[in-house]
Amino acid sequence: MHIVVVVPTYNNAQTLQTVLDRLWDNTHDIMVVNDGSTDETLQLLHHYPHPINIVTYPENRGKGYALVRGFREAKMLGYDHVITIDSDGQHYPEDLPVFLRKASELNCPTIIVGSRELEHENKSRGAIFATRLANFWFAFQTWQYLPDTQSGYRLYPLHHLHGLNLITSRYEAELELLVFAAWHGVAIDTVPIRVYYPPKEERVTHFRPGLDFARIFVLNTILFFVSIFFGWWMMGWKRLKSH
């Protein structure tokens with residue numbers, strides 16, 4: 001597999017340098033998508049001592065937009081797989097081999113989702129509820145269960161992603177990527193990963209509870225009806241053909 005690690009980032013300059021340094025110890029195929037940051041992110045990237053791919057644009061467009069830009073740039077550069085990792089320092093770059101080992105064990109193109117420990121003393125009750133709710137809707141929409149549909153630490157087979165033109169621009173995009181893949185018969189698996197949840201006073205988040213929960217609610221309402229009239233039929237047809 002020809003893999004690049006894609007790091008979407010927005011105003012995480014205080015943690016980005018450390019994330020990149022730790023990634024560099026594990027791989028030299030790194031791409032940072034600067035999603036219109038207004039802090040020192042761009043200066044940091046331009047002065048980073050190691051060669052990395054940089055995608056940048058002036059206005060914040062959201063994580064979903066950043067991911068799609070990263071996927072398309074990775075394809076243009078000849079990569080066939082992408083591992084996505086957040087830039088806030090919660091993920092462990094040292095867990096990259098966990099994804100590679102899992103991928104080597106599989107016999108078909110598979111999206112591999114890093115599954116975090118949800119019951120953590122520093123993880124907010126709201127975040128735990130949101131993850132469990134998303135897991136429920138994903139199971140309803142795709143006939144399969146994942147323990148952590150909200151994890152941003154994932155391996156994607158680039159040539160088996162579907163609906164990129166339909167992906168919304170914000171946090172809910174990562175759920176859409178999984179749902180669209182499942183409807184088209186792409187395998188999805190999980191691996192356990194470590195996660196660091198900083199204390200509340202140290203936490204940097206761009207999640208807007210009211211607006212982003214509303215967007216997730218609207219998305220799942222739409223996917224509910226699309227799954228009934230399209231997704232379930234597509235999955236049934238794919239399974240019938242495979243037999």
Side-chain angles (χ1 to χ4, degrees), residues 1-96 99 111 114 150-159 161-178 180 196 198 202-208 211-212 215:
M1 293 185 294
H2 195 195
I3 301 176
V4 61
V5 178
V6 171
V7 188
T9 189
Y10 173 63
N11 286 355
N12 278 126
Q14 64 183 19
T15 53
L16 180 60
Q17 174 86 46
T18 301
V19 170
L20 292 179
D21 289 344
R22 291 166 64 189
L23 279 174
W24 190 262
D25 290 338
N26 292 273
T27 179
H28 293 176
D29 292 295
I30 302 171
M31 177 188 300
V32 178
V33 182
N34 175 35
D35 184 27
S37 296
T38 56
D39 60 1
E40 297 77 30
T41 294
L42 196 56
Q43 297 94 306
L44 183 156
L45 293 175
H46 286 323
H47 292 93
Y48 192 66
H50 303 298
I52 58 175
N53 296 294
I54 301 172
V55 177
T56 187
Y57 39 90
E59 295 182 7
N60 176 247
R61 303 290 296 272
K63 190 176 184 182
Y65 182 88
L67 288 172
V68 173
R69 281 291 300 267
F71 294 157
R72 289 175 173 161
E73 184 71 15
K75 277 187 179 181
M76 290 176 55
L77 294 174
Y79 292 100
D80 52 44
H81 285 75
V82 158
I83 293 179
T84 59
I85 185 172
D86 293 344
S87 64
D88 59 5
Q90 290 192 19
H91 298 150
Y92 282 71
E94 295 79 13
D95 282 345
L96 285 177
F99 290 88
I111 295 176
Q150 301 300 288
S151 172
Y153 206 174
R154 305 178 177 184
L155 182 147
Y156 292 99
L158 282 176
H159 299 290
L161 296 180
H162 296 271
L164 291 186
N165 290 329
L166 302 175
I167 297 298
T168 53
S169 62
R170 299 291 172 178
Y171 287 99
E172 64 273 15
E174 288 173 309
L175 178 62
E176 290 176 285
L177 285 164
L178 294 180
F180 292 162
Y196 169 68
E202 299 177 13
R203 201 174 303 154
V204 177
T205 178
H206 305 297
F207 187 80
R208 302 159 297 177
L211 181 59
D212 286 323
R215 290 176 63 93

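These numbers were taken from a predicted model, which means no experiment stands behind them.
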### Message
Please verify the inter-ring angle class for Trp24 with His28; under 30° counts as parallel, over 60° as perpendicular, anything in between as tilted.
### Response
parallel

### Task
Ignoring hydrogens and angles, tell me if any N or O in the side chain of His2 forms a donor-acceptor pair with the backbone of Gly78 under 3.5 Å.
yes

### Query
If we only count heavy atoms from C-beta on, is the Ile30 to His50 side-chain gap below 4.5 Å?
no

### Query
In terms of side-chain geometry, is the basic nitrogen of Asp35 or Arg69 positioned less than 4.0 Å from the acidic oxygen of its partner?
no

### Test applied, side-chain contact (heavy atoms from CB on, under 4.5 Å); reference residue, Leu16; option that passes from Leu44, Asp21, Asp88
Leu44

### Query
Between Thr84 and Phe71, is a side-chain contact (heavy atoms from CB on, under 4.5 Å) present by the stated rule, with each step listed?
CA-CA 10 Å; Thr84 59; Phe71 294 157; 4.1 Å; yes

### Query
Are any non-hydrogen side-chain atoms of Asn165 and Val68 less than 4.5 angstrom apart?
no

### Task
Can you establish whether the number of heavy atoms outside Arg22 located under 6.0 Å from its atom CZ is more than 12?
yes

### Message
Could you report the tightest heavy-atom contact between Ala74 and Val82, atom names first, then the distance?
### Response
CB-CG2, 3.8 Å

## Note on the structure
On a heavy-atom basis, the closest approach of Gly64 and Ala173 is CA-CB, 3.4 Å

### Task
Could you walk me through whether Met31 and Leu77 pass side-chain contact (heavy atoms from CB on, under 4.5 Å), step by step?
CA-CA 11 Å; Met31 177 188 300; Leu77 294 174; 3.9 Å; yes

### Message
So Leu166 and Glu176, do their side chains get closer than 4.5 Å, heavy atoms only?
### Response
no

### Query
For the atom pair OH (Tyr65) and CD1 (Ile167), what is the distance rounded to the nearest 0.5 Å?
14.0 Å

### Query
Which atom pair, heavy atoms only, marks the closest approach of Thr9 to Ser37?
O-OG, 3.7 Å

### Query
Rounded to the nearest 0.5 Å, what separation is found between the CG atom of Leu42 and the OG1 atom of Thr56?
5.0 Å

### Query
Is Ser151 reaching over with its side chain to a backbone N or O of Tyr153, donor-acceptor style, under 3.5 angstrom?
yes

### Nearest-0.5 Å distance that lies between atom CD1 in Ile52 and atom OG1 in Thr27
12.0 Å

### Task
Would you give the length of the straight line joining atom CD1 of Ile85 to atom CG of Leu155, rounded to the nearest 0.5 angstrom?
12.5 Å

### Query
Stepwise, does the side-chain contact (heavy atoms from CB on, under 4.5 Å) test hold for Leu178 with Arg154?
CA-CA 11 Å; Leu178 294 180; Arg154 305 178 177 184; 3.5 Å; yes

### Task
Would you indicate whether the side-chain heavy atoms of Tyr79 and Asn53 approach each other to under 4.5 Å?
yes

### Query
Does any non-hydrogen side-chain atom of Tyr48 lie less than 4.5 Å from one of Gln17?
yes

### Interatomic distance, Leu23 atom CG to Glu94 atom CD [nearest 0.5 angstrom]
8.5 Å

### Message
Before you tell me yes or no, could you show the steps for Glu174 and Lys63 under side-chain contact (heavy atoms from CB on, under 4.5 Å), namely the whole-Å CA-CA distance, both residues' side-chain angles and the distance that decides it to 0.1 Å?
### Response
CA-CA 9 Å; Glu174 288 173 309; Lys63 190 176 184 182; 3.1 Å; yes

#### Entry: Neighbour count >12 (heavy atoms, 6.0 Å) for atom NE2, His47
no

### For the student: nearest non-hydrogen atoms of Val55 and Glu73, plus distance
CG2-CG, 3.8 Å

### Query
Looking at side-chain heavy atoms only, is the closest gap between Leu45 and Leu20 below 4.5 Å?
yes

### Query
What closest approach, in Å, do Val7 and Ser87 show between heavy atoms, and which atom pair accounts for it?
CG1-CB, 3.7 Å

#### Entry: Student check: side-chain heavy atoms of Arg72 and Leu164 closer than 4.5 Å
yes

### Query
Can any side-chain N or O of Asn11 pair as donor or acceptor with the backbone N or O of Asp39 at less than 3.5 Å?
yes

#### Entry: Approximate separation, where rounding is to 0.5 Å, of Tyr156 OH and Leu177 CG
4.5 Å

### Query
Can you check whether Asn12's main-chain N or O pairs, donor with acceptor, with Thr15's side chain at less than 3.5 Å?
yes

